[in-house]
Amino acid sequence: MISIADNRGVELVLSQDVGVARSAGTPIVALESTIVAHGLPWPDNLDIAKELEGAVRDAGAVPATIAIVEGRPRIGLDAATLELLAQDGAKLSKAGAIDIAVHVARKTSAATTVSATSVLASKVGIRTFATGGIGGVHRGDSGDVSHDLVALARTPIAVVSAGAKSILDLPRTVEMLETLGVLVLGFNTNEFPAFYTRTSGIQLDHRADTVADLAAIIRTHWALGGGGVLVANPIPEDAELDGDMITANIESAIAEANARDVYGKRLTPFLLARLAEVTGGASIRANRALAVGNAALAGQLAAQLGNAPP
Ligand code: PSU
Ligand code: MN
């Protein structure tokens with residue numbers, strides 16, 4: 001492990017692989033740990049975490065799964081730490097960008113969401129990040145809007161995502177991305193993908209059909225001082241779920257969350273677990289396929305964007 005301090009003195013720990021890649025200029029792709037700890041059940045979560053890292057490697061980039069371990073932000077995890085995170089996931093805290101300081105100061109551990117992962121990745125010069133689906137505006141009028149959106153707006157990183165989880169209010173999520181100034185690029189699609197399905201009926205302003213076109217736009221966006229970019233990559237066709245089936249199950253899962261008064265950080269993991277149960281694991285298979293697709297695309301994109309200079 002290689003320990004570095006950022007310019008304000010917060011210690012960040014790079015895995016050997018990531019440290020070498022950073023010095024050599026090999027492209028690095030960040031991966032989040034909340035999807036492993038809280039988004040998917042053991043032991044599938046460990047298999048999927050490894051598969052995501054493999055998909056990044058196959059594309060010629062180096063994966064950096066990010067988490068906070070005993071107060072130290074870790075950029076790239078060794079096999080034993082990844083396994084622990086997957087196995088003890090349910091007991092672990094879920095940290096958004098807002099929560100990082102609490103864990104660092106108190107030397108506690110947490111899985112990192114899209115917001116926390118983006119912020120930490122960006123601190124070490126990583127420009128590309130693959131996830132399943134970002135957080136967004138929750139349905140109903142609870143006022144629950146994931147910090148992922150605000151953090152993305154502020155952080156110059158390209159996040160490859162299968163749209164946003166369809167448990168959310170997708171039209172409001174897309175509007176909020178625009179309000180905050182997050183550039184959304186559909187990859188081979190005109191529509192914002194709905195995680196388990198390729199389409200949502202929501203038209204996007206911009207579409208790119210090649211990785212080179214994506215990279216050219218993203219580089220220009222950053223040259224103009226822009227922040228986060230969301231690359232919306234639909235689930236592969238052969239893994240897509242039936243829209244009516246998943247919509248009905250999502251609605252019943254949300255009704256159950258409301259009846260049991262589940263809200264805040266616990267809401268997303270609760271809904272994902274409920275969906276896995278009622279679909280007999282189909283939602284997990286879909287989640288896996290889309291996340292692996294995103295990791296592969298992020299690997300190719302990182303090869304063109306490179307890392308920020310160390
Ligand atoms: N994508 C998935 N599964 C997940 C998540 C994303 O396929 O579990 C996680 C991400 O870490 C995302 C978080 O940042 O859910 C959003 O949580 P919240 O809605 O509480 O902000
Ligand atoms: Mn929330």
Side-chain angles (χ1 to χ4, degrees), residues 14-36 39-40 45-67 74-79 82 112 114 117-118 120-122 124-134 152 155-163 185-189 193 195 208-219 221-222 228-239 287-310:
L14 309 184
S15 67
Q16 200 66 31
D17 279 5
V18 171
V20 169
R22 191 164 174 266
S23 312
T26 312
I28 305 169
V29 172
L31 298 168
E32 53 144 327
S33 46
T34 293
I35 183 175
V36 182
L40 295 160
N45 59 352
L46 180 60
D47 286 351
I48 296 172
K50 288 183 185 160
E51 210 177 322
L52 295 179
E53 295 196 343
V56 169
R57 282 207 177 89
D58 289 346
V62 170
T65 303
I66 294 181
R74 297 268 295 264
I75 319 296
L77 302 177
D78 54 80
L82 191 64
T112 52
V114 168
T117 305
S118 299
L120 293 171
S122 178
V124 297
I126 299 174
R127 288 174 163 156
T128 317
F129 170 12
T131 181
I134 61 161
L152 252 184
T155 314
I157 194 159
V159 181
V160 182
S161 165
L185 300 172
F187 186 65
N188 284 312
T189 183
F195 199 72
D209 290 332
T210 63
V211 177
D213 192 28
L214 279 180
I217 296 168
I218 295 168
R219 268 197 300 268
H221 185 66
W222 290 338
V229 178
L230 185 66
V231 176
N233 183 36
I235 183 171
E237 258 161 69
D238 58 359
N287 203 335
R288 174 184 210 134
L290 67 86
V292 170
N294 292 343
L297 177 57
Q300 295 169 42
L301 183 60
Q304 304 222 5
L305 293 175
N307 310 323

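These values consider heavy atoms only, across backbone and side chains, with no hydrogens, waters or symmetry-generated copies.
Taken from CG in L82 to CG in N45, the straight-line distance is 8.5 Å, to the nearest 0.5 Å. The CD1 atom of I134 sits 4.5 Å away from the CG atom of L230 when rounded to the nearest 0.5 Å. The CG atom of D78 lies 11.0 Å from the CD atom of Q16; values are rounded to the nearest 0.5 Å. Note that CG of L52 and CZ of R288 are 9.0 Å apart. Values are rounded to the nearest 0.5 Å. We find the CG-CG distance between L185 and D209 to be 11.5 Å, quoted to the nearest 0.5 Å.
Counting heavy atoms from C-beta outward, S23 and P310 have side chains that stay 4.5 Å or more apart. Side chains of T117 and T131 form no contact here, defined as non-hydrogen atoms less than 4.5 Å apart. Residues V231 and V159 form no side-chain contact, since every pair of their non-hydrogen atoms from C-beta on lies 4.5 Å or further apart. Annotation: side chain of V62 is not in contact with side chain of V20 (no heavy-atom distance under 4.5 Å). Taking the side chain as every heavy atom from C-beta outward, L297 and V211 approach each other to under 4.5 Å. With contacts defined as side-chain heavy-atom distances shorter than 4.5 Å, the pair F129/I66 does not qualify. Within the 4.5 Å cutoff, no side-chain heavy atoms of V18 are placed close to those of V124. When side chains are defined from C-beta on, Q300 does not count as touching L214, because their heavy atoms never get closer than 4.5 Å.
Side-chain atoms of S15 never come within 3.5 Å of backbone atoms of L77 as a donor-acceptor pair (strictly under, hydrogens ignored). Side chain of S122 to main chain of S118: no donor-acceptor pair is present (N/O by atom type, distance under 3.5 Å, no hydrogens or angles). Looking only at distances, no side-chain donor or acceptor of T112 sits under 3.5 Å from a matching main-chain atom of E32.
For the pair A232 and P193, the tightest heavy-atom approach, listed with the atom from each and the gap, is CB-CD, 3.5 Å. Taking all atoms of both residues into account, the shortest heavy-atom contact from A212 to Q304 is CA-OE1, 3.5 Å. The two residues F187 and N233 come nearest to each other via the heavy atoms CD2-OD1, 3.7 Å. A pairwise comparison of heavy atoms in G132 and A291 identifies CA-CB, 4.4 Å as the closest pair. Shown here for P27 and N307, the closest heavy-atom pair between the two residues is CA-OD1, 3.6 Å. Residues A130 and L31 approach most closely at O-CD2, 3.6 Å, considering heavy atoms.
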Check your understanding: Checking side-chain contact (heavy atoms from CB on, under 4.5 Å) for the pair D17/R57: CA distance, chi angles, key distance, verdict?
Key -> CA-CA 11 Å; D17 279 5; R57 282 207 177 89; 3.1 Å; yes
Review point. Given the rule in the side-chain contact (heavy atoms from CB on, under 4.5 Å) test, do L301 and I218 qualify, once you have shown the distances and angles that lead to the verdict?
Key: CA-CA 10 Å; L301 183 60; I218 295 168; 4.0 Å; yes
Review point. Please walk me through it: do I28 and I75 pass side-chain contact (heavy atoms from CB on, under 4.5 Å)?
Key: CA-CA 10 Å; I28 305 169; I75 319 296; 5.9 Å; no
**Study point:** I35/L40 under side-chain contact (heavy atoms from CB on, under 4.5 Å): CA gap, chis, key distance, verdict
**Key:** CA-CA 6 Å; I35 183 175; L40 295 160; 3.8 Å; yes
